[in-house]
Amino acid sequence: MDLSTLNKEQKEAVTTTDGALLVLAGAGSGKTRVLTMRIAYLIEEKKISPYEILAITFTNKAAKEMRERVSSLIGAMAKNIQISTFHSFGLQIIRENCNLLGYDHNFVILDSDDTLTVIKRILKDLNLDPKTYNPNAIKNKISGCKNELMTPIGYERFATSDFEKVVLEVYKRYQKTLKQNNSLDFDDLLVLPIELFKEHPEILERYQDRYQYVLIDEYQDTNQAQYILSKMIAYKYKNICVVGDPDQSIYSWRGANYRNILNFEKDYKNAKTILLEENYRSTKTILEAANSVIKNNQGRKEKNLWSSKGEGDKITYYRAYDERDEAFYIIREIKQLLNRGIKEKEIAVLYRTNAQSHIFEEEFLKANLPFKIVGSIGFYSRKEIKDLLAYLRLIHNDKDNVSLMRIINVPKRGIGLKSIQNLIEKADKEGTSMYDAITSGKEAAFKNTIEDLKRVSENLTLTELVDKVLDTTGYRQELESEKTLEADIRLENLEEFKSITRAFEETYGVISLEDFLLETSLISDVEEYKDEKDRISLMTIHSVKGLEFDYVFVTGLEEGIFPHINSLMDKGGLEEERRLCYVAITRAREKLYLLNARKRMLFGKDQVNPASRFLSELDPTLIEAKQKEEPVEVKLDEKEYLHEEDVNYEVGEYVYHDVFGMGRVVEVSNTLVSIAFKAGVKKLMKNHKSIKKVEAE
DNA sequence: GGTTAGAGTATCTTC
DNA sequence: TACTCTAACC
């Protein structure tokens with residue numbers, strides 16, 4: 001194996017295979033390279049079976065990328081390595097042992113919306129006002145308990161205030177409800193394996209023997225449950241390698257404790273520590289900018305990150321008039337980059353909150369720039385998709401009261417709140433699920449529909465089942481008769497859902513409903529299934545962690561936005577925002593753009609925010625500032641690039657596009673048209689002037 | 001039981 | 001702004 005491309009420290013990190021190893025890897029120091037090479041080294045040089053390696057990443061995206069990169073080193077064997085997130089690893093353990101844990105194999109996983117619904121329901125049962133007892137706050141508190149491995153009984157002695165006592169009561173009921181519904185939440189995916197291992201040491205030992213080599217990425221972001229879980233698995237052989245960077249710890253709000261990484265040397269007595277301090281990613285300018293910001297955090301271990309790359313371009317700071325102007329500037333700049341031959345996939349636009357993405361989405365669409373929004377304003381949280389999934393889940397697990405309540409009256413069947421309340425009480429009295437409690441009335445017709453679907457589901461592919469559900473429930477019909485733009489989009493999304501099920505069927509052959517539901521429950525983003533290469537990425541800073549781009553635009557650098565208003569109260573929160581800023585800056589390889597707006601629409605009101613403090617922390621010599629003092633005429637006037645009258649297309653029609661060349665229409669909706677170009681399928685505005693119809697010969 | 005209007009509130013980040 | 005929830009009507 002060729003290790004000659006690695007520096008001394010990297011090489012050491014790759015070849016120190018036995019025992020505990022801590023790799024403190026600064027941003028861009030080749031961390032992923034080390035991890036993937038290490039796995040390849042274990043297999044090729046140390047002759048470790050791929051089955052004996054467990055690699056944990058933080059996101060699905062990172063897991064996917066790691067597998068690809070290992071695969072390019074060692075080929076097909078890579079698919080036998082367990083590379084997954086903590087949550088999907090936990091899910092796997094639960095699936096392999098669900099009977100011991102007291103769950104039926106057809107359990108379902110509730111997402112955070114579902115959990116919130118359950119909590120609201122419980123508050124209602126307890127006759128508590130959700131205004132006094134904020135359901136979201138309760139949810140977070142319960143999740144916090146679970147991540148600290150605190151059961152309701154354990155929480156009892158901490159619950160002293162009135163609010164905490166309510167949380168305790170809700171927590172107790174919440175656990176009971178989940179169990180009754182044969183369902184789990186995200187936190188259970190970590191908690192249950194730990195419980196299992198505590199009660200059944202022999203099972204733990206099986207996993208310890210199975211995974212003799214453990215690697216964990218982004219260790220600074222592990223919470224207590226994840227920390228304990230990894231410790232348990234690695235306890236017997238102690239071949240554990242953790243990689244991380246305390247300066248990039250940005251998940252404390254969900255229980256991550258960056259001290260886990262600082263305490264590693266205490267946890268493993270003979271642990272070896274390797275520092276990776278050479279940055280291969282960014283120009284000196286970018287790196288210095290990152291350093292000048294992060295050094296304002298107190299109580300951090302000083303690092304000496306350096307780059308052998310050149311100075312590079314200065315950082316561009318643009319102070320826009322408002323958020324639209326911010327988008328316009330980015331679009332103008334990107335167009336210039338593209339003209340210079342820069343690829344779309346090398347450009348990223350970052351923001352602090354998902355809400356900021358709207359304006360970019362809108363303007364990018366108008367400007368005809370190909371983009372993808374990566375992140376959690378997910379496809380899967382759309383109403384129609386959640387409804388469809390609720391049907392599928394109920395077909396799969398009729399104990400799932402949450403799903404049942406969601407769709408028993410969607411589309412309208414004349415089953416109102418009163419009937420549902422009655423059903424809940426009946427089920428409660430008889431000690432059954434709501435589904436089983438149905439015996440008569442309009443509800444019985446609904447039950448019949450589900451029974452039919454259950455029956456046919458055994459002989460249909462997943463995609464066929466989806467169609468069947470939409471047809472027999474009348475869901476599709478209802479949307480079709482609406483004839484509104486909104487209904488149109490919903491129908492389009494349901495079609496999109498089928499393209500996902502189809503993709504699954506292509507990858508796995510026949511996929512069972514069970515596998516599909518579990519597989520998708522951990523993925524919030526359709527983009528993770530697609531692999532379109534040449535698009536500009538728009539995403540939150542949290543989702544961009546672990547990725548890198550040549551050109552990076554960091555937007556919304558305003559007090560109240562970034563740093564976010566909720567973080568200004570305490571020092572810890574502010575320091576986490578600063579780490580977030582550090583992560584954002586260090587994503588860029590070649591050039592960094594920093595932007596903010598003088599005035600921004602927030603909750604329907606204009607707000608004027610001062611520039612972010614992070615900007616003033618930057619060394620001014622690294623920056624070239626531009627700003628717009630006065631509001632100017634909107635340059636990208638719609639008339640300039642849109643036809644006034646509607647243009648219509650038919651599937652199969654040929655068109656010519658100013659940038660993408662010849663293409664063929666593959667899909668048409670009310671406002672958009674999908675066209676297959678040589679460069680791939682693009683979704684464009686129908687009325688855009690850059691598209692011209694071409695008569696077929 | 002369904003519909004609608006008006007009020008109230010919220011978005012911070014994710015598996 | 002945009003969404004959700006509630007109360008009062010039909």
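Chain letters run A, B, ... following the sequence lines, proteins first, then strands; residues in each count from 1. The model shown is predicted, which means the values in this text are computed figures rather than measured ones.
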By nearest-nucleotide position on DNA chain B, the 5'-leaning member of A:H564 and A:G416 is A:G416
Exercise. Does A:W253 lie flat on the base of B:dC12, that is, centres under 5.5 Å apart and planes under 30° off?
Worked result: no
- Message: Between the base of B:dT13 and the ring of A:H542 - centre-to-centre under 5.5 Å, planes within under 30° - is that a stack?
- Response: no
Could you check how far [atom1] of [X] sits from [atom2] of [N], rounded to whole Å?
| X | N | atom1 | atom2 | result |
| --- | --- | --- | --- | --- |
| A:N134 | B:dT11 | CG | P | 8 Å |
| A:L518 | B:dC15 | CG | C1' | 15 Å |
| A:I359 | C:dA2 | CD1 | C1' | 15 Å |
| A:K139 | B:dA10 | NZ | P | 14 Å |
| A:Y351 | B:dT14 | OH | P | 9 Å |
| A:L123 | C:dC5 | CG | P | 13 Å |
| A:N140 | B:dA10 | CG | P | 13 Å |
| A:L116 | C:dC3 | CG | P | 17 Å |

query = How far does the P atom of C:dT4 sit from the matching atom of B:dT13, given to the nearest Å?
reply = 16 Å
Quiz prompt | Pairwise C1' distance, B:dC12 and C:dC5 [rounded to whole Å] | solution = 23 Å
With heavy atoms under 4.0 Å as the rule, sort [X] into base, sugar-phosphate or nothing.
| X | result |
| --- | --- |
| A:F58 | sugar-phosphate |
| A:I250 | nothing |
| A:K120 | sugar-phosphate |
| A:K605 | nothing |
| A:N409 | sugar-phosphate |
| A:S419 | sugar-phosphate |
| A:G604 | base |

Flag side-chain contact, heavy atom, 4.5 Å: [X] against [Y]:
| X | Y | result |
| --- | --- | --- |
| A:Y133 | A:V167 | no |
| A:R476 | A:L479 | no |
| A:P563 | A:R613 | yes |

Any salt bridge between [X] and [Y], counting N to O under 4.0 Å?
| X | Y | value |
| --- | --- | --- |
| A:E575 | A:R300 | no |
| A:D114 | A:R393 | yes |
| A:R579 | A:D247 | no |

Considering only [options], which nucleotide approaches the side chain of [X] most closely?
| X | options | result |
| --- | --- | --- |
| A:A355 | B:dT14, B:dT11, B:dC15 | B:dT11 |
| A:T540 | B:dT14, B:dC12, B:dC15 | B:dT14 |
| A:N136 | B:dT11, B:dC15, B:dC12 | B:dT11 |
| A:R352 | B:dC15, B:dG1, B:dC12 | B:dC12 |
| A:T353 | B:dC12, B:dT11, B:dG1 | B:dC12 |
| A:K412 | B:dT13, B:dC15, B:dT3 | B:dT3 |

### Message
Before we go on, tell me: are the rings of A:F58 and A:Y251 under 6.0 Å apart, centre to centre?
### Response
yes
[X] side chain N/O closer than 4.0 Å to the phosphate oxygens (OP1, OP2) of [N]?
| X | N | answer |
| --- | --- | --- |
| A:S543 | B:dT13 | no |
| A:H87 | B:dC15 | no |
| A:S112 | B:dT14 | no |
| A:N354 | B:dT11 | no |

